[in-house]
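Working notes for the structure below.
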Amino acid sequence: MPVVLIDQTALPHRRELWFAGAACDLSTNSAALASVLEDLSTSARDSGVSRFSMQIVVNEGVKESAGSPHFRGLHHIVTASFGSSNVFVFDLLRWSLSASVSASVAGDIRFWKERLIPITLGVLGAAIGLVPVHCACLASKGDGLLIAGMSGAGKSTLSMALTQTGFNYVSDDWTYMSAQGGQLVAHGTSAPVKLLPDAVQHFQSLSSHSLQTSMNGELAYEVDVLQAFGASVERACEPRWLVLLERIQQAGCEFARMPSTEAQEYLNSTVERLPTQLPEASVRRAQIIESISLLPCWSLRYGGPPQFAAKQLREFVACQRQGVYV
Amino acid sequence: MTQKTTFPPDLLRRFAPAPYVFSIVHDHQRVWIEANDLEVALAIRRSCMLQSKESRTRVLFWKLIRDSASPRGGSEILIFVNGPLRALHLGVGTIIIYDTERSELLGFIAHDIDSEQLVTALIPLLTSRERWPKNPRVVFTKK
């Protein structure tokens, strides 16, 4: 029976890493894993207060690769396992992640980049003041455009179309929001862009990629935004506008101003419930959601190709800057 | 919006109902037990009441969920200790966490683990270090 006892003094490889503006104090017994995670750390050092720790033991004798994900949670604890040898325990009160992983998983950079780091930020985010919000984020001249909408509304395809009109890519599905010195900041992660199979109709470059089963079981293209679209990537920006997306049958674009109360109600309806053991996280998250809803909010109903909606949005943002629609 | 907005589903089963609740006082300590399985709740209550003062666990809050939706397979036990947290994984479907600082024991129990096995074999592995094997197939240890 394997017994894994983690002692801080026995995890000699330590790094201060940065993911989506949050600092991560890593301790591990594996130099190889420390190196993999260091490669994924962003170079930008933010002055934010979000910080968490990771203690990861690598079992060099086990070669099991990452299995199917299985998540559970009770009170302040969330667990994730990827097969019986790769176990992660998140503690939302102590802002920490403890894990025991196989040597194969430790060296699998895609696992950490596309799965574990985004999962960690999603699980610990609300507790550490980096609130995951279900929206895409694009940036133009440093100004952030948040695009919210239900799954399937077309956030990702529109985001990719926007990158082809000069917007920089920050995120396409989950954006991590923090409030630094009273300023709202939107952060992206290393997660790949996920596009549903019909996106290939709009983006020829996807035809050279194959469909994969994503973590929620959907069949989708999961591609690196830089490699697949040649998009410019921005790690963070200050959000200026929120657009709530809705797909309609007929071709066209309709913008309508949305009251902040409606935007707030929508955003609150998309976040997962937090247990009562995390009152501070609940308050912090509510404050950030309120700040987002105080941005100028618009609903956008559109039909037709995403490139058409992207062109309209680009003009919309230009007009917003000039104060035309305000 | 394309459809009416609702709260996202509880994928982690954080809010799984645990309607079987016992509150007992044993040796001047109140112990709270919650479970969604009557057999599990009764087994925990019985084991708490039978413990002598010397062997009593320090768990004051128990919440155990019988997890019929858990994946099947695997029989290997992994015990994982980091600071105040002790975690036990059995296969891929059973996970039990003991937070020694908060005196809480939380867990999801796979369908094929019976309550007797839970109480007499698995939980003691977490609550008493003496139960850890003398020569385990240790993957990493330093204490």
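Naming convention: chains lettered A, B, ... in sequence-line order (proteins, then strands); numbering from 1 in each chain. The shown structure was predicted, so the numbers you read here are calculated from the model rather than taken from an experiment.
- Contact of A:His134 with chain B is not made at all, since no heavy-atom distance falls under 4.5 Å.
- Contact count against chain A (heavy-atom pairs under 4.5 Å) is highest for B:Pro71 among B:Ala87, B:Pro71, B:Gly91, B:Ser70.
- Residue B:Leu106 touches chain A through both its backbone and its side chain, counting heavy-atom pairs closer than 4.5 Å.
- When each of A:Ile248, A:Asp91, A:Thr79, A:Val87 is checked for heavy-atom pairs under 4.5 Å with chain B, A:Val87 comes out on top.
- Both the backbone and the side chain of A:Leu274 have a heavy atom closer than 4.5 Å to some heavy atom of chain B.
- For the pair A:Arg115 and A:Phe82, the cation-pi test (distance below 6.0 Å, angle within 45°) is failed.
- Interface with chain A: from residues 35-44 of chain B, no residue qualifies, criterion being any non-hydrogen pair under 4.5 Å.
- A:Glu254 meets the salt bridge (charged side-chain N to carboxylate O under 4.0 Å, His left out) test with A:Arg301; sequence neighbours excluded.
- Side-chain contact between A:Glu64 and A:Ser84 is present, with heavy atoms from C-beta onward closer than 4.5 Å.
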ask   = Can B:Asp99 and A:Arg94 be said to form a salt bridge (Lys or Arg N to Asp or Glu O under 4.0 Å), step by step?
value = CA-CA 11 Å; B:Asp99 187 327; A:Arg94 301 180 182 93; 2.9 Å; yes
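- In this structure, A:His70 and B:Val92 have side chains that are not in contact, with every pair of non-hydrogen atoms separated by 4.5 Å or more.
- No side-chain donor from either of B:Thr100 and B:Arg58 sits under 3.5 Å from a side-chain acceptor of the other.
- Both the backbone and the side chain of B:Ala69 have a heavy atom closer than 4.5 Å to some heavy atom of chain A.
- Listed by chain and number, the residues in a side-chain contact (heavy atoms from CB on, under 4.5 Å) with A:Pro306 are A:Thr157, A:Ala161, A:His202, A:Phe203, A:Tyr302 (sequence neighbours excluded).
- With sequence neighbours left out, the side-chain hydrogen bond (donor to acceptor under 3.5 Å, both in side chains) criterion links A:Thr28 to no other residue.
- Of the charged side-chain nitrogens involved, none lies within less than 4.0 Å of a carboxylate oxygen, so that A:Asp173 and A:Lys194 do not count as a salt-bridged pair.
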